[in-house]
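Below you'll find the structure, written out as structure tokens, and then a few comments.
Sequence lines set the chain letters: A, B, ... in the order given, protein chains first and strands last, and positions in each chain run from 1. These numbers were taken from a predicted model, which means no experiment stands behind them.
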Amino acid sequence: MPELPEVETVKKALAPWLTGRKVRRAGRVDAPEGPKYRGLERAAGQRIEAVTRLGKFIVMPLSGGDELVVHLGMTGVLTGEEPRDHVRVLVELEGRSQSRLWFRDPRRFGRFVCLGPGEREHLPTLARIGPEPLSDAFAVGAFAAALGKTRVAVKAALLGQRVVAGVGNIYADEALFRARIHPETPSSALARGRVAKLHAAIREVLSEAVADGGTTLRDYRQVDGSRGEHAERLMVYGRDGAPCPVCGRALVRTVIGQRGTTFCAHCQRR
DNA sequence: CAAGATTCCTGGTGGC
DNA sequence: TGCCACCAGGAATCTT
């Protein structure tokens, strides 16, 4: 799924293309009216001042004070080449070259909206997003304090986006494996040393995946259509039944917070 | 408020 | 081009 490394890769490709361009028109294509595509018409006439990322959200501040916000969901793809089907949003830019940005999203779990000042409450997760894991804002002390506030499974806490931004199902499993932490461990039960290991593991896993251009399992693609190469380096995600890379015992699968979870019951302890 | 459950959606998969 | 039930999953929304 598109998580921080995938969205970061997309953002890097979009930034040189879109920054400074003026929106001629933006709107829904093959999609029903609704909160997932709200307010797009308002982007017309405004210049894209920057292409940034907050967790899994792509945020583009506009010259008129609004902002375009995109979440890729599970299957969302941003592209400069016209897709054959499942186009949800089209943004037309002023100028002759590369003047169309398409949002293709077969499953429609993604969002593409234009928000005015103070309207981020329309995206509650964005409004309460946690610190960026690859920035200095992600401090061990604050991470420990946030984890200490709840007894939900540590994996569920990581997926919540409030303790740390941008971690999804793939990298939660990978980080917990590296930190040798059982995914069902109550968040607040983690000793400080283990929190520090998890903090480091999250940063390692995400930065390595960013260097690989993300993880392509099925739908995710870089903006130029190429695959992210991190899939072959995954140690546990999607590998249930395969041998643990460390101890060789079969990796097991369970469900935590309605999410498939793969881990090593021997190496990862509560 | 916290925590868990449900919902959205459709391509891919596996069983028959 | 066989048919079809079932699954995956991020975030919003609903329920407890």
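- Between the side chain of A/R239 and the backbone N or O of A/M235, at least one donor-acceptor pair lies under 3.5 Å.
- Between the C1' atom of C/dA11 and the OH atom of A/Y37 lies a distance of 13 Å, rounded to the nearest Å.
- For C/dG9, the OP1/OP2 oxygens have a side-chain nitrogen or oxygen of A/Y237 closer than 4.0 Å.
- Atom C1' of nucleotide B/dG11 and atom CG of A/D105 are separated by 12 Å, given to the nearest angstrom.
- At distances below 3.5 Å, not a single donor-acceptor pair connects side-chain atoms of A/E174 with backbone N or O atoms of A/L234.
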Would you tabulate the side-chain donor-acceptor contacts of residues 61-69 of chain A under 3.5 Å, counting partners in other chains and residues two or more places apart, or write 'none'?
{"residue": "A/S63", "atom": "OG", "partner": "A/R47", "partner atom": "N", "Å": "2.6"}
{"residue": "A/D66", "atom": "OD1", "partner": "A/R42", "partner atom": "NH2", "Å": "3.2"}
{"residue": "A/D66", "atom": "OD2", "partner": "A/Q46", "partner atom": "NE2", "Å": "2.9"}
{"residue": "A/E67", "atom": "OE1", "partner": "A/R120", "partner atom": "NH2", "Å": "3.0"}
{"residue": "A/E67", "atom": "OE2", "partner": "A/R120", "partner atom": "NE", "Å": "2.8"}

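- Residue A/R38 is classed as having no contact, given no heavy-atom separation below 4.0 Å to the nucleic acid.
- Between A/T75 and the phosphate of B/dG11, there is no side-chain N or O to OP1/OP2 separation shorter than 4.0 Å.
- Distances shown here put every side-chain N or O of A/H86 at or beyond 4.0 Å from the OP1 or OP2 atom of B/dT10.
- The side chain to side chain contact (heavy atoms under 4.5 Å, CB included) test applied to A/P2 returns A/E6, A/V7, A/L72, not counting sequence neighbours.
- Between A/K56 and C/dG10 there is no side-chain N or O to OP1 or OP2 distance below 4.0 Å.
- Put simply, CZ on A/R107 is 11 Å from C1' on B/dT13, counting in whole angstrom units.
- The shortest distance between the side-chain N/O atoms of A/Q161 and the OP1/OP2 oxygens of C/dA11 is below 4.0 Å.
- Contact annotation for A/G110: no contact, since no heavy-atom pair falls under 4.0 Å across all strands.
- When the side chains of ILVMFWY residues are joined at heavy-atom separations under 4.5 Å, either directly or via intervening members, A/I58 and A/L40 end up in a single hydrophobic cluster.
- Put simply, CG on A/L159 is 15 Å from P on B/dA3, counting in whole angstrom units.
- For the pair A/R88 CZ and B/dC9 C1', the interatomic distance rounds to 9 Å; values are reported in whole Å.
- As a whole-Å value, the separation of A/M74 CE from C/dA11 P is 12 Å.
- For the salt bridge (Lys or Arg N to Asp or Glu O under 4.0 Å) test, residues two or more places apart in sequence or in another chain that qualify with A/E121 are A/R128.
- A/F138 has its ring centre less than 6.0 Å from the ring centre of A/F143.
- Residues meeting the salt bridge (Lys or Arg N to Asp or Glu O under 4.0 Å) test with A/D240, sequence neighbours left out: none.
- Listed in residue order, the members of residues 113-134 of chain A having a heavy atom less than 4.0 Å from DNA chain C are A/L123, A/P124, A/T125.
- For A/L72 and C/dA11, the CG to C1' distance is 13 Å, given to the nearest whole Å.
- Separating the NZ atom of A/K155 from the P atom of C/dG9 is a distance of 8 Å, rounded to the nearest angstrom.
- With salt bridges taken as basic N to acidic carboxylate O contacts below 4.0 Å, none links A/R111 and A/D105.
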If you restrict it to nitrogen or oxygen atoms, what contacts under 3.5 Å exist between nucleotides 4-8 of chain B and the protein, and what is each distance?
{"residue": "B/dA5", "atom": "OP2", "partner": "A/Q258", "partner atom": "OE1", "Å": "3.1"}

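- Distance from the side chain of A/R111 is smallest for C/dA12 among the nucleotides C/dA12, B/dG11, C/dG9.
- Checked for salt-bridge contact, A/R21 and A/E49 miss the test: no charged N lies under 4.0 Å from a carboxylate O.
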